[in-house]
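Read the structure below first, then the notes.
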Amino acid sequence: MDVADLPGVPDWLPDHLRDDGIEELYPPQAEAVDAGVTQGQNIVAAIPTASGKTLVAELAMLSAVARGGKALYIVPLRALASEKQAEFEQFEQYGLEIGVSTGNYESDGGWLGDKDIVVATSEKVDSLVRNDAPWLEELTCVVSDEVHLVDDGQRGPTLEVTLAKLRRLNPDLQTVALSATIGNADELATWLDAELVDSDWRPIELQKGVHYGQALHVEDGSQRRLAVQNNEKPTAAVVRDTLQDDYDEDGNLVEAGGSSLVFVNSRRNAEAAAGRLGSTVRPHLTSEEEAELADVAAEIRGVSDTETSDDLADAVEQGAAFHHAGLARGHRELVEDAFRDRLVKVVCATPTLAAGVNTPSRRVVVRDWRRYDGTAGGMQPLSVLEVHQMMGRAGRPGMDPYGEAVLVANSHDELDELFERYVWADPEPVRSKLAAEPAMRTHILATVASGFARSRSGLLEFLEETLYASQTDETGRLERVVDDMLTYLERNEFLEIDGGDGEARSASKSSGDEPRDELDATSLGHTVSSLYLDPMSAAEIIDGLRDWQRSAAESTTADSDGGFTTASELADEQAAAGEADPDDISALGLYHLVSRTPDMYQLYLRSGDREEYEMELYEREDELLGPTPSEFEDDRFEDWLSALKTARLLEDWADEVEEDTITERYGVGPGDIRGKVETAEWLLGAAESLASEIDTDAARAVSEARIRVEHGVREELVDLAGVRGVGRKRARRLFEAGIGDRAELRDAAKPVVLAALRGRRKTAENVLENAGHRDPSMEGVEPDSDVDVLDDDPRDRDEDGVETGEDQSSLGDF
DNA sequence: TGGATCTTTTTCTAGACAGCATGTC
DNA sequence: CTAGAAAAAGATCCA
């Protein structure tokens, strides 16, 4: 189909596409147009990655906007939100406004309601629905990218429920769902009342195969010699083969040496493989490449001063790299960019890269096809869909003649099994996971709190609009889970279930069969829902805070009857007893409280950790909020300990412990620290709201603990670190120079400030300006030479900030 | 005695969304 | 109930 023949799109689009070199639509795209994407028709497009899904979405959104509407593009990852934003910004020249909204980032320049196209994560959209964003009603088109993720147990239900809510909010909403090729795309189409475009057409051919012994067995039945040299591992042989230039029968260069993407099943394996493959790659590098790689390596070392950072830089110098979630954001971006620029020849990655941003490669090697799964008790094979997603990264459009995806077999039996299991196999069908309890807990509360359902029957009626309902005939299970969760939510004072009296009964349609029918969220329930907390997390936090309040009140009055059951009873007693002192809450207690909620992904206990943290627990038990579970309640006790480990990491961070010390002490990567800190920040923010809602005196302490993790500083730096441009390092340097807070910074002698900031004039001016200094100019100011500039690890410093020296600090090791 | 190399035992395991109000070194 | 790569520890050999 010629781009001139597109119905319903803006006038400028055909020319714009031609300028991009697009004259004709790909077959699946044409199919989508025939099915009516540009005319408001609902579409499910199940087509491979890189076969032009984005254009299908753009056609739908641009034609919707051309009709005076507004479009929403839902992505599964924040990183994809920014990738799509960059892509859609090409339309700004035609007067369209693009907005982005994710948890950590919201595009500036006006309200989202004024944008024509908004890009957001599914959770963010859910949150917008819960908080009643008025512009959602103006939507005329929603695109859901990677919609096969409704199959995901944790996050799938959110997408499913959110789509159902958006469609109920606006019955005329055009829904475009983009999916990988899956077994049951027709079921998705039925659910969404959509036309189905199901195709495995690709713009570049993808050849799948399995390597075994000295040969690569290709899916068309052919074999190619691919020899493994002396001490080499099969993966290295495949990578080496990819690096070699390809010639055709006449000796013409067909394809210069290409890059490989190797998928493995653990971070450690990724790092080890990258280190080893460096020696495979190095001989193939030109000297210019080596020089450029050295620059990238230097940048990597600059991102963070940790072992991970060093290891990555060492590998990159050799033209190899690893990629996993323990990397800092900066690391990831540097690796992705260097790989796209073809500077780095091999990336060894965990699944981060299969689901993440677009990083195609000439060849993909799926080295490990099983992955450890504790809940299943051992190694589990990857799903066909997942392996196909990895393999789909092979072949860069317009650059490679074809892509190759290679699985690695270690025995003849495995060779056969891999062909059966992955090469020939179709992806498994996508199944809704909505009926799982954790998902129901959250979404029932949200659905009631935001008014989508006001009764049990209304709730069930709403749930009928989900994929789950369309996939099951067995309604009993859903009803059972709903009732269990309603009971749970009522018991925790998030919901009220009424209707036992005659009035409510006659109002409900079901005329008495269901005596308790009417549902209403309590004020607490509304708070929990709009904070986006799992109700179980909220309950844990509330219990912890109340427990503290109770024991604090008990310690201020000699007698107490204990046994408070409600917040108001507690408040009465506390009024009689006098205020509880928020200073008795230790930061560790609060970090532990949020670390043990289901919203925090806890650290893993390794061998030896158990004893270590049992000791720690014994020493600091009184700082923790709530009763320690008995050692005989195995699971709960284990959780308690790993929450303690997580809390200790947060405490270290808030005690200004160096990044590399933390990564070493807890066996995590720099990216994990950020992740934990970010989650803790969010949960403590939520805890702060809950603390004032339930009327405890803890809010101030929670707020301080939050600010301390946010900036990674001790108590005395909280005020300074709040100044824009001042983080944990600069705040500490200013403090050591005698500047204790924001006010003192405003009045401080400029030479002292300049010296404390290590002579950086620009930085000093910025800092002074942000602190509200009348005349921040540093012109002609010389750093005060009496100021000692700290450059050391705070561990080596005692309370007064005096250097204690090596020998003394090493005593602490015993 | 030291070290290089080979062999056995032990260890350890993917990912990442959200509030709110604005910005690290 | 299930695996397997890599790190750590142990064993062997030779100068």
Side-chain angles (χ1 to χ4, degrees), chain A residues 75-79 81 101-106 108 120-128 130-131 149 152 154-155 158-159 233 263-273 275-276 302-305 324-326 329-330 349-356 367-374 376-382 386 410 442 527-534 537 599-601 604-609 659 667 671-672 674-676 678-679 681-690 706 710-712 721-733 757-758 760 763 766-767 770:
Chain A
V75 290
L77 297 172
R78 289 180 197 163
S101 179
T102 65
N104 64 344
Y105 177 78
E106 180 138 345
D108 47 345
T121 53
S122 35
E123 283 77 9
K124 185 65 190 193
V125 178
D126 187 18
S127 167
L128 290 165
R130 294 182 187 196
N131 291 292
L149 292 172
D152 182 282
Q154 268 92 56
R155 298 180 58 206
T158 303
L159 178 57
K233 301 226 174 186
F263 285 106
V264 297
N265 65 2
S266 76
R267 294 178 178 188
R268 198 173 64 177
N269 287 350
E271 295 186 12
R276 266 199 318 268
V303 168
S304 112
D305 183 23
H324 58 64
R329 278 181 64 85
T350 56
T352 17
L353 221 52
R367 194 194 73 176
D368 302 336
W369 57 280
R370 280 184 284 225
R371 183 167 50 221
Y372 179 83
D373 176 1
M379 299 301 271
Q380 289 292 116
L382 303 187
E386 211 172 339
N410 294 313
T442 314
T527 304
V528 171
S529 171
S530 63
L531 287 171
Y532 213 82
L533 279 181
D534 181 335
S537 299
D599 277 310
M600 175 74 86
Y601 194 91
Y604 180 88
L605 287 183
R606 315 217 237 151
S607 76
D609 281 359
E659 198 185 15
D672 297 306
R674 276 271 24 119
K676 293 287 169 292
E678 222 172 72
T679 309
E681 226 177 292
W682 165 56
L683 286 170
L684 287 166
E688 204 177 326
S689 304
L690 290 175
R706 196 203 73 230
E710 180 182 345
H711 300 293
V723 176
R724 195 179 306 174
V726 180
R728 64 191 326 220
K729 295 278 169 65
R730 287 176 186 171
R732 178 52 65 191
R733 291 197 185 104
L757 296 172
R758 300 194 294 180
R760 304 284 180 85
T763 306
N766 251 325
V767 166
N770 293 330

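Numbers restart at 1 for each chain; the letters A, B, ... are given by sequence-line order, proteins then strands.
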Side chain of A:Thr350, heavy atoms from C-beta onward: which of B:dG15, C:dG4, B:dA18 has the nearest atom to it? B:dG15
What does A:Thr102 touch in the nucleic acid at a heavy-atom separation under 4.0 angstrom: a base, only the sugar-phosphate, or nothing? sugar-phosphate
Using a cut-off of strictly less than 4.0 Å, decide whether A:Thr679 has a side-chain nitrogen or oxygen near OP1 or OP2 of B:dC17. no
Between B:dC17 (P) and A:Asn104 (CG): distance, integer Å: 8 Å
Can you tell which of A:Glu688, A:Glu681, A:His711 makes a side chain to side chain donor-acceptor pair (under 3.5 Å) with A:Arg706? A:Glu688
Touch class at under 4.0 angstrom, heavy-atom based, for A:Gly302 against every strand present: nothing
Which of these nucleotides, C:dA3, B:dA18, B:dC12, is closest to any side-chain atom of A:Arg606? B:dC12
Pairwise side-chain contact, A:Val125 with A:Thr158, heavy-atom cut-off 4.5 Å (strictly under): no
A:Trp682 vs A:Asn104 side-chain heavy atoms within contact, under 4.5 Å: no
Could you check which nucleotide pairs with C:dC1 in any of the strands shown, counting Watson-Crick or G-U wobble with both distances under 3.5 Å? none
Smallest heavy-atom separation, A:Asn131 atom then A:Ser530 atom, equals OD1-CB, 2.9 Å
Using the closest heavy atom to pick a nucleotide of DNA chain B for each, name whichever of A:Leu605 or A:Asp599 lands nearer the 5' end. A:Leu605
Residue A:Arg674 excluded, over 12 heavy atoms near CZ under 6.0 Å: yes
Side chain of A:Asn410, heavy atoms from C-beta onward: which of B:dG19, B:dC12, C:dA5 has the nearest atom to it? C:dA5
Value in whole Å for how far the P atom of B:dC20 lies from OH of A:Tyr105: 18 Å
Just call it for A:Val723: base, sugar-phosphate, or nothing, with non-hydrogen atoms closer than 4.0 Å on any strand. sugar-phosphate
Listed nucleotide nearest any side-chain atom of A:Ser607, set C:dG4, B:dC12, B:dT13: B:dC12
Looking at every strand, decide which applies to A:Arg329 at a 4.0 Å heavy-atom threshold: base, sugar-phosphate, or nothing. nothing
Pairwise P distance, C:dA5 and B:dA16 [rounded to whole Å]: 25 Å
The side chain of A:Asn269 lies closest to which of these nucleotides: B:dT13, C:dA5, B:dG19? C:dA5
Determine the contact category for A:Asn265: base if any of its heavy atoms lies under 4.0 Å from a base atom, sugar-phosphate if only primed atoms, P, OP1 or OP2 are that close, otherwise nothing. sugar-phosphate
For DNA chain B, whose closest nucleotide is more 5', that of A:Asn131 or that of A:Leu77? A:Leu77
Hey, does A:Leu683 reach any base, or is it just sugar-phosphate, or nothing, if we go heavy atoms under 4.0 Å? nothing
Side-chain N or O of A:Arg267 versus OP1/OP2 of B:dG15: is the shortest distance under 4.0 Å? yes
Which part of the nucleic acid does A:Arg370 contact within heavy-atom distance under 4.0 Å: base, sugar-phosphate only, or nothing? sugar-phosphate
If you define the side chain from C-beta out and look only at heavy atoms, does anything of A:Arg371 sit under 4.5 Å from A:Glu386? yes
Under 4.0 Å between any heavy atoms, over every strand shown, what does A:Glu678 touch: base, sugar-phosphate, or nothing? Just pick one. nothing
Hey, is A:Arg78 close enough to A:Glu678 for a salt bridge, meaning N to O under 4.0 Å? yes
May I ask you to say what A:Arg674 touches in the nucleic acid, namely base, sugar-phosphate or nothing, with a heavy-atom cut-off under 4.0 Å? nothing
Where the side chain of A:Lys233 is concerned, which of C:dT2, C:dA6, B:dA18 is the nearest nucleotide? C:dA6
Under 4.0 angstrom, heavy atoms only, what part of the nucleic acid is A:Val264 near: base, sugar-phosphate, or nothing? nothing
For the pair made of CE in A:Met600 and P in B:dC17, what is the distance, rounded to whole Å? 15 Å
So does A:Arg276 get a side-chain nitrogen or oxygen closer than 4.0 Å to the phosphate oxygens (OP1/OP2) of C:dA6? yes
Watson-Crick/G-U partner (both atom distances under 3.5 Å) of C:dG10: B:dC6
So which nucleotide from B:dC17, C:dA3, C:dA5 ends up closest to the side chain of A:Arg155? B:dC17
B:dG15 base to A:Tyr601 side chain: any donor-acceptor pair below 3.5 Å? yes
Roughly how many Å is it from CD in A:Glu271 to P in B:dT11, rounded to a whole number? 20 Å
pair A:Pro381-A:Trp369: side-chain heavy atoms closer than 4.5 Å: yes
Does A:Thr121 have a side-chain nitrogen or oxygen under 4.0 Å from the phosphate oxygens OP1 or OP2 of B:dA18? yes
Pair partner, B:dG15 [Watson-Crick or wobble, under 3.5 Å]: none
Tell me the interatomic distance from A:Lys124, atom NZ, to B:dG19, atom P, rounded to whole angstroms. 4 Å
One thing to verify: whether A:Arg130 and A:Asp126 come together as a salt bridge, which I'm taking to mean a side-chain N less than 4.0 angstrom from a carboxylate O. yes
Taking CD from A:Glu688 and P from B:dA18, how many angstroms apart are they, rounded to a whole number? 20 Å
A:Tyr372 OH to B:dG15 P: how many Å, rounded? 15 Å
Determine if A:Trp682 stacks with B:dA18; use a centre-to-centre distance below 5.5 Å and an interplanar angle below 30° as the criteria. yes
Please confirm whether the shortest side-chain N or O distance from A:Arg78 to OP1 or OP2 of B:dA16 is below 4.0 Å. no
In whole angstroms, the gap separating C1' of B:dT13 from CG of A:Asp373 amounts to 10 Å
Closest to the A:Glu123 side chain: B:dC17, B:dA14, C:dA3? B:dC17
Please classify the nucleic acid contact of A:Gly685 as base, sugar-phosphate, or nothing, using heavy-atom distances under 4.0 Å. base
B:dA18, OP1 or OP2 - any side-chain N/O from A:Arg130 closer than 4.0 Å? no
